[in-house]
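Input: a single structure, listed below in structure tokens.
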Amino acid sequence: MTTTAGAPGTTSRRTNILLGGAAWVIGLLFVAPVLWMVLTSFHAETDAAQNPPAFFAPLSTDGYQAFFDAGPWPPLLNSLTASVVSTALCIALALPAAYALSIKPVEKWTDVMFFFLSTKMLPLVAAIMPLYLFASQLQVLDNIWFLTLLYTAMNLPIAVWMLRSFLAEVPVEMLEAAQIDGAGLLRTLTRIVAPVVMPGIAAASLICFIFSWNELLLARVLTSTVAQTAPVFLTGFVTSQGLFLAQVCAASFVVSLPVLIAGFAAQDKLVQGLSLGAVK
Amino acid sequence: MQRPKNWLPGLLMVLPSIILVGIFVYYLIAQNIWTSLNVATRRVVVGGKFEERSIHEGGYRNYTELLGSADYQHALWNLLVLTVVFVVGTMIMGLLWSILLEKGVRGEGVFRSIYLFPMAVSFIAAGVVWRWLLSPAKGEGAAIGLNQLFVKLGLDGLQSSWWSADSRWNMAAMALPAIWQLSGYIMALFLAGFRGIGEDQREAARIDGASEWQVYRHVLFPQLSPIALSALIIVGHMSMKMFDLIYAIAGPNSYTASVPATLMWTQLFAQRDPVAAAVNATIILVIVAVVVVPYLWYTNRTERERG
């Protein structure tokens with residue numbers, strides 16, 4: 001196929017349809033695994049186990065019933081606590097740091113950023129053994145607040161990095177103009193900095209929330225019964241009920257739901273934040 | 001040199017984050033390296049009596065011992081296959097989609113969220129689906145998941161045992177769910193890159209008689225290379241740290257699907273050998289550092305040059 005610049009009207013239209021088709025096909029392939037999960041979760045166990053899967057069999061919520069009978073609420077609540085509190089802490093710590101690193105540059109701020117980024121090297125697996133010893137010495141094993149603190153530390157470098165990218169967009173001339181006009185710090189922050197930074201805060205919060213909600217490794221090692229989080233509960237459920245596809249799919253769907261909703265609600269900010277975080 | 005009055009508040013604003021991250025990361029690394037050099041003995045029963053038997057001699061020998069073991073070499077090989085397929089696959093898919101969307105496909109917002117949403121699903125949840133999709137059973141009636149799909153389509157030859165295959169390349173299949181999860185992210189990065197290039201540059205190239213392919217090849221791609229490098233590093237280091245995915249699909253103690261990260265889990269909880277686990281962790285750390293540090297150093301330098 002040749003796309004010469006001769007007749008832009010017709011050619012580009014045909015190309016567009018072709019590209020659109022390709023995008024739809026790939027898009028469908030992409031949602032298929034999750035679609036399968038949702039469909040299976042709403043079928044009776046016998047229909048879910050059919051080979052081929054009986055997608056058009058009557059719907060049933062038995063899978064969900066079985067999942068909720070297994071007592072998922074305490075783990076879900078634990079996950080919610082750890083994710084929300086650690087996200088809030090993360091932003092509270094990262095915002096001043098990012099502000100200092102972009103608008104009021106600290107001497108050698110690139111070294112500081114380098115320090116934050118260098119922590120990305122540590123594979124979480126490498127942390128579990130010393131963390132476990134540390135936690136048992138301090139007697140904070142199976143403690144949701146300890147996990148919350150760890151999630152804060154885990155997500156802090158990303159939050160600082162993302163917020164700094166957004167804050168770097170604040171026009172310096174406007175800040176100087178505000179200073180000349182005699183605007184106080186509070187006024188400068190609310191009128192000039194906040195509008196630029198709010199999307200950044202939303203994006204960073206979303207990322208922190210998703211990462212904490214989905215975190216498995218630390219939670220699996222450091223919690224057992226009291227502070228168990230949703231992913232840990234889910235792995236246990238998958239292990240014990242693995243043969244019951246509908247139940248397992250229902251469980252997976254329920255546990256994924258909060259992040260899916262959060263992701264859809266703020267997907268534009270997510271894209272913006274993710275790209276900024278890596279491009280800059 | 002600035003006056004103290006100017007930098008002190010700034011420093012105070014950064015300090016809490018530095019301390020928290022510093023403790024979390026550097027304390028743990030130090031502890032790890034310290035443990036990895038330890039001598040370890042294990043109490044065994046010999047002829048009805050307890051006897052302390054040395055299992056690690058301590059020092060650098062702990063490293064040569066683990067690196068020389070067949071299990072570890074198998075895990076390292078698996079990691080290499082997984083990383084290469086994962087990185088290449090994600091980059092290609094990400095680039096292709098970003099081109100699709102960049103060309104102005106209608107409903108970009110919908111596609112963007114479709115491509116990005118696997119990233120939000122936790123691997124434990126996605127693992128349920130992928131374990132089913134990649135199940136090794138073959139043949140009419142027995143096959144499920146992807147194999148069954150191939151049978152239905154009359155493509156029996158495409159059936160595979162996926163990651164459970166007894167092959168040196170089995171981990172290539174494990175990269176599929178990983179590609180599924182992260183291509184959207186890479187797509188978003190490239191898309192942002194394309195958007196950052198002004199339309200006038202393309203127009204200029206087209207007026208000069210460049211074909212669409214030449215516009216990409218000579219005008220757009222060269223400007224995307226910094227983003228491509230970032231994407232490469234991000235995906236590469238994610239692959240080396242990957243644990244959840246393999247845990248969810250193959251279980252933490254699978255030999256066929258073992259990589260250093262899952263092997264560490266086995267060493268720690270099944271073999272109860274923290275020294276070997278620490279050696280292993282330190283080796284992973286070094287491998288990741290070899291990839292990430294030059295990149296960080298380079299980024300740091302360019303940032304500084306920019307001011």
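Letters A, B, ... mirror the listed sequences (proteins, then strands); counts begin at 1.
The aromatic rings of B:F269 and A:Y132 lie perpendicular to each other, with more than 60° between the two planes, well past the 30° mark.
Contacts of A:W213 with chain B are absent, with no heavy-atom separation under 4.5 Å from either backbone or side chain. Contact annotation for B:P118: only side-chain heavy atoms (C-beta onward) come within less than 4.5 Å of a heavy atom of chain A. Proximity to chain A is limited to the side chain of B:W130, based on heavy atoms less than 4.5 angstrom apart. The parts of B:I18 that come within reach of chain A are both its backbone and its side chain, each placing non-hydrogen atoms under 4.5 angstrom from that chain. Only the side chain of B:Y247 comes within contact range of chain A, with at least one heavy atom under 4.5 Å from a heavy atom of that chain. The contact between A:F134 and chain B is made entirely by side chain atoms (from C-beta outward), counting heavy-atom distances below 4.5 Å. Looking at A:S256, only its side chain comes within 4.5 Å of chain B, counting heavy atoms on both sides. Residue contact with chain B, scored on non-hydrogen atoms closer than 4.5 Å, involves the backbone and the side chain of A:L150 alike. Residue A:V255: no heavy atom, backbone or side chain, is found under 4.5 Å from chain B.
Listed by chain and residue number, A:F30, B:Y115 satisfy the ring pair (Phe, Tyr, Trp, His ring centres under 6.0 Å) test with B:W97 (two or more places apart in sequence, or in another chain).
Residues A:A153 and B:V21 share a closest heavy-atom pair of O-CG2, 4.1 Å. When every heavy atom of B:A125 is checked against every heavy atom of A:M37, the shortest pair comes out as O-SD, 3.9 Å. Taking all atoms of both residues into account, the shortest heavy-atom contact from A:V238 to B:V128 is CG2-CG2, 3.9 Å.
The shortest side-chain heavy-atom distance between B:L20 and A:T152 falls under the 4.5 Å cut-off. Taking 4.5 Å as the limit, some side-chain heavy atom of A:V221 sits within range of a side-chain heavy atom of B:W265. Proximity of A:L216 to B:F123: side-chain heavy atoms (C-beta onward) are nowhere separated by under 4.5 Å. Looking at heavy atoms from C-beta onward, A:V34 lies out of side-chain contact with B:V129 at the 4.5 angstrom threshold. Under the 4.5 Å side-chain criterion, counting only non-hydrogen atoms from C-beta, A:S252 is not in contact with B:I124.
Taking B:P16, B:A261, B:G209, B:G127 one by one and counting their heavy-atom pairs under 4.5 Å with chain A, the maximum is reached by B:A261.
Checked options B:N280, B:L28, B:T35, B:V275; the residue passing with A:M129 is B:T35 (criterion: side-chain contact (heavy atoms from CB on, under 4.5 Å)).
Under a 3.5 Å cut-off, the side chain of B:S17 and the backbone N or O of A:A97 do not form any donor-acceptor pair.
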